[in-house]
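The structure under discussion appears below in the form of structure tokens.
Hydrogens, waters and symmetry mates play no part in the numbers below; they use all other heavy atoms, side chains included.
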Amino acid sequence: MQLNAPLDMHLHLRDEEMLKNIAHSSAKTFSGAIIMPNLVPPVSTKEEVIAYKERIIKAIGNEKFIPYMTLFFKPSYDKLFLESIRDEITAIKLYPAGITTNSEGGVSGFDVEELRPALEAMSDLDIPLCIHGETNGFVMDREAEFVSIYERLATAFPKLKIIMEHITTKESVEALDKHENLYATITIHHLLITLDDVAGGMLQPHLFCKPIAKRPEDREALRKVALAAHPKVMFGSDSAPHPKHAKEACGCAAGVFTSPIALQLLAELFEKHNAPLEKLQAFISGNAQNIYNVIPLTKTVILEKKPFKVPSDYNGVVPMYANEKIAYSIKEVQNG
Ligand SMILES: [Zn+2]
């Protein structure tokens, strides 16, 4: 099986030691990725975007990989500022305040008029808005509750591309077809697991993430659009590494680390559901190219159906399915 120019449209590369330890696992098999800006402090100036990009490029060494940079959304951004940074970024990421790792400086109200100057400028400059769409409500309802905010923003800013990040519910899937300017990323773990896998038996910290995995019918709705490569959905791993001690702790950090095994798991899932290879190719790259207007670097990943034992950790980060066997292996990666 051959995949061309895989793209990960939602990735956490972190910084410093962690960046150096894990950047390679994405850069080896992906042609590029949208890099999330939730560092401490968040990436919110031109200088910070440029400096972070340089640190990423240094960390990936000789791999051919484009880090598509994002800025941490602030309602105070004006058109002049956004014009000055337009060429350095691919999107802007909005976090509701305090909803996930390092999101304290995010948006707390979703008043359209308050957000209008920044969002209208983004719309004019054709900068997509990526949103972590969860309210502060009951954990299982947070995303479904946020759908009305997605819809309000999509209606108020009809030319603004809004990406519903890492969707996990049937409500979000339904919203895709109601608004022309709503798009979505879907992770591999939300296509594979439900809350039962996280907490139905012994608690599985390495499957704990935000948004939390939901019900089987939600997973079914996600699978339906992913396996059919609905043109408005694209793969975004939301691979979010934490050191082992932060996951296997009393007070487990949210995030699933999947980047080294994402392509193998997608190959297995699509095959299991008899989805044609061209659908996987569209989900892993083609749709994202259309939605974001990006032309990725040439990279060919050849997968083979040969069991692969997932390592217990990658430089101290425990991946999803650690020590388990998955059906596909990466045989070869060809650059250029
Ligand atoms: Zn994320």
Side-chain angles (χ1 to χ4, degrees), residues 1-39 43 46-71 87-91 188 234-244 255 257-267 280-281 284-286 288-289 292-304 306 308-320 322 326 328-336:
M1 181 187 295
Q2 181 178 315
L3 293 175
N4 299 314
L7 292 171
D8 181 348
M9 302 314 276
H10 184 130
L11 177 64
H12 298 273
L13 283 182
R14 311 298 193 204
D15 211 349
E16 299 173 347
E17 271 314 291
M18 183 60 91
L19 170 64
K20 287 176 200 145
N21 285 340
I22 55 97
H24 182 81
S25 68
S26 290
K28 192 176 156 215
T29 51
F30 286 89
S31 176
I34 293 269
I35 311 300
M36 290 297 149
N38 56 330
L39 306 181
V43 180
K46 187 173 178 176
E47 293 67 34
E48 285 164 352
V49 170
I50 292 169
Y52 187 31
K53 187 176 184 179
E54 278 170 8
R55 296 198 296 280
I56 292 168
I57 286 170
K58 203 170 159 207
I60 61 179
N62 292 325
E63 299 292 352
K64 282 182 74 183
F65 175 84
I66 300 178
Y68 297 106
M69 303 307 290
T70 63
L71 192 68
D87 293 344
E88 303 297 335
I89 57 170
T90 303
I188 180 62
M234 52 199 157
F235 176 65
S237 70
D238 197 16
S239 184
H242 292 280
K244 186 178 179 183
F257 182 58
T258 55
S259 55
I261 53 165
L263 295 180
Q264 299 92 309
L265 292 175
L266 281 167
L280 177 53
Q281 182 60 50
I284 196 69
S285 188
Q289 293 180 44
Y292 272 100
N293 283 316
V294 292
I295 301 167
L297 297 172
T298 309
K299 184 173 278 196
T300 307
V301 180
I302 298 163
L303 295 130
E304 59 181 338
K306 185 177 147 193
F308 173 68
K309 190 180 175 220
V310 180
S312 57
D313 73 281
Y314 289 85
N315 291 325
V317 180
V318 180
M320 183 180 186
I326 58 176
Y328 274 84
S329 305
I330 289 176
K331 189 178 178 205
E332 199 188 331
V333 179
Q334 297 164 350
N335 285 295

Check: Would you find a donor on one side and an acceptor on the other, under 3.5 Å apart, between the side chain of Asp8 and the backbone of Ser237?
Finding: yes

Notebook entry, point to check: Short question: side chain of Ser31, backbone of Ala5 - any donor-acceptor pair under 3.5 Å?
Noted result: no

Margin query: Between Ile57 and Pro67, is there a side-chain heavy-atom distance shorter than 4.5 Å?
Written below: yes

Item checked: Glu332, CD atom: more than 12 neighbouring heavy atoms under 6.0 Å -> yes

Item checked: side chain to side chain contact (heavy atoms under 4.5 Å, CB included) evaluation trace for Asn315 with Ile22 -> CA-CA 7 Å; Asn315 291 325; Ile22 55 97; 5.6 Å; no

Notebook entry, point to check: Can you find a pair of side-chain heavy atoms, one from Leu11 and one from Ser26, that are under 4.5 Å apart?
Noted result: yes

Check: Once you round to the nearest 0.5 Å, how far does CD1 of Ile56 lie from CZ of Arg14?
Finding: 12.5 Å

Note to self: Quick one: does any side-chain atom of Ser329 pair with a main-chain N or O of Lys306 as donor and acceptor, under 3.5 Å?
What the structure shows: yes

Next item on the list: Report yes if some heavy atom in the side chain of Lys46 is under 4.5 Å from a heavy atom in the side chain of Glu88; otherwise report no.
Entry: yes

Note to self: Any non-hydrogen side-chain atom of Met1 less than 4.5 Å from a side-chain atom of Leu280?
What the structure shows: yes

Next item on the list: Answer yes or no: is there a donor N or O on one side and an acceptor on the other, between the side chain of Ser285 and the main chain of Pro6, under 3.5 Å?
Entry: no

Item checked: Note, Tyr52 side chain near Leu13 side chain (heavy atom, < 4.5 Å) -> yes

Margin query: Using a 3.5 Å distance criterion without hydrogens, assess whether the side chain of Arg55 forms a donor-acceptor pair with backbone atoms of Glu16.
Written below: no

Margin query: Please give me the minimum heavy-atom distance between Ala59 and Ala23, naming the atom from each residue.
Written below: CB-CB, 4.0 Å

Item checked: Validation row: Val49, Glu47 side chains within 4.5 angstrom (heavy atoms) -> no

Next item on the list: With side chain to side chain contact (heavy atoms under 4.5 Å, CB included) as the test, would you mind laying out the steps for Tyr328 and Leu265 before giving the verdict?
Entry: CA-CA 7 Å; Tyr328 274 84; Leu265 292 175; over 6 Å; no

Notebook entry, point to check: Would Lys244 and Asp313 pass as an ion pair if we require N to O under 4.0 Å?
Noted result: no

Next item on the list: Determine the minimum heavy-atom distance between Ser259 and Ser239, stating which atoms define it.
Entry: N-OG, 3.0 Å

Note to self: To the nearest 0.5 Å, what is the distance between CE on Met320 and CD1 on Ile326?
What the structure shows: 10.0 Å

Exercise answer: donor-acceptor pairs, residues 295-302 side-chain atoms, under 3.5 Å, sequence neighbours excluded:
{"from": "Lys299", "atom 1": "NZ", "to": "Ala27", "atom 2": "O", "distance (Å)": "2.5"}
{"from": "Lys299", "atom 1": "NZ", "to": "Lys28", "atom 2": "O", "distance (Å)": "3.4"}
{"from": "Lys299", "atom 1": "NZ", "to": "Phe30", "atom 2": "O", "distance (Å)": "3.0"}
{"from": "Lys299", "atom 1": "NZ", "to": "Lys64", "atom 2": "O", "distance (Å)": "2.7"}

Check: At what distance, to the nearest 0.5 angstrom, does CG of Leu39 lie from CE of Met18?
Finding: 12.5 Å

Notebook entry, point to check: Taking only residues two or more places apart in sequence or in another chain, which ones pass salt bridge (charged side-chain N to carboxylate O under 4.0 Å, His left out) with Glu17?
Noted result: Lys20

Margin query: For Tyr314 and Phe257: C-alpha separation, side-chain torsions, deciding distance, then whether side chain to side chain contact (heavy atoms under 4.5 Å, CB included) applies.
Written below: CA-CA 10 Å; Tyr314 289 85; Phe257 182 58; 4.0 Å; yes

Margin query: Minimum heavy-atom separation for Phe235 and Ile188, please, with both atom names.
Written below: CE1-N, 3.6 Å

Item checked: From CD (Gln2) to CD (Glu304), nearest 0.5 Å -> 13.5 Å

Note to self: Please report the interatomic distance CE(Met36) to OH(Tyr68), rounded to the nearest 0.5 Å.
What the structure shows: 13.5 Å

Margin query: Just so I know, are the side chains of Met69 and Ile34 near enough to count as touching, which here means a heavy-atom distance under 4.5 Å?
Written below: no

Notebook entry, point to check: Checking side chain to side chain contact (heavy atoms under 4.5 Å, CB included) for the pair Gln289/Leu7: CA distance, chi angles, key distance, verdict?
Noted result: CA-CA 9 Å; Gln289 293 180 44; Leu7 292 171; 4.0 Å; yes

Checklist line | Under 3.5 Å: donor-acceptor pair, side chain of Gln264, backbone of Leu303 | finding: no

Notebook entry, point to check: Do Ile89 and Thr70 have side chains that get closer than 4.5 Å, going by heavy atoms?
Noted result: no

Check: So which heavy atom on Tyr292 is nearest to which on Thr90, and how close?
Finding: CD2-CG2, 3.7 Å

Next item on the list: Provide the closest heavy-atom pair for Ser25 versus Pro260 in the form atom of the first, atom of the second, distance.
Entry: CB-CG, 3.9 Å

Check: Closest approach of Pro241 and His12, non-hydrogen atoms and distance?
Finding: CD-O, 3.5 Å

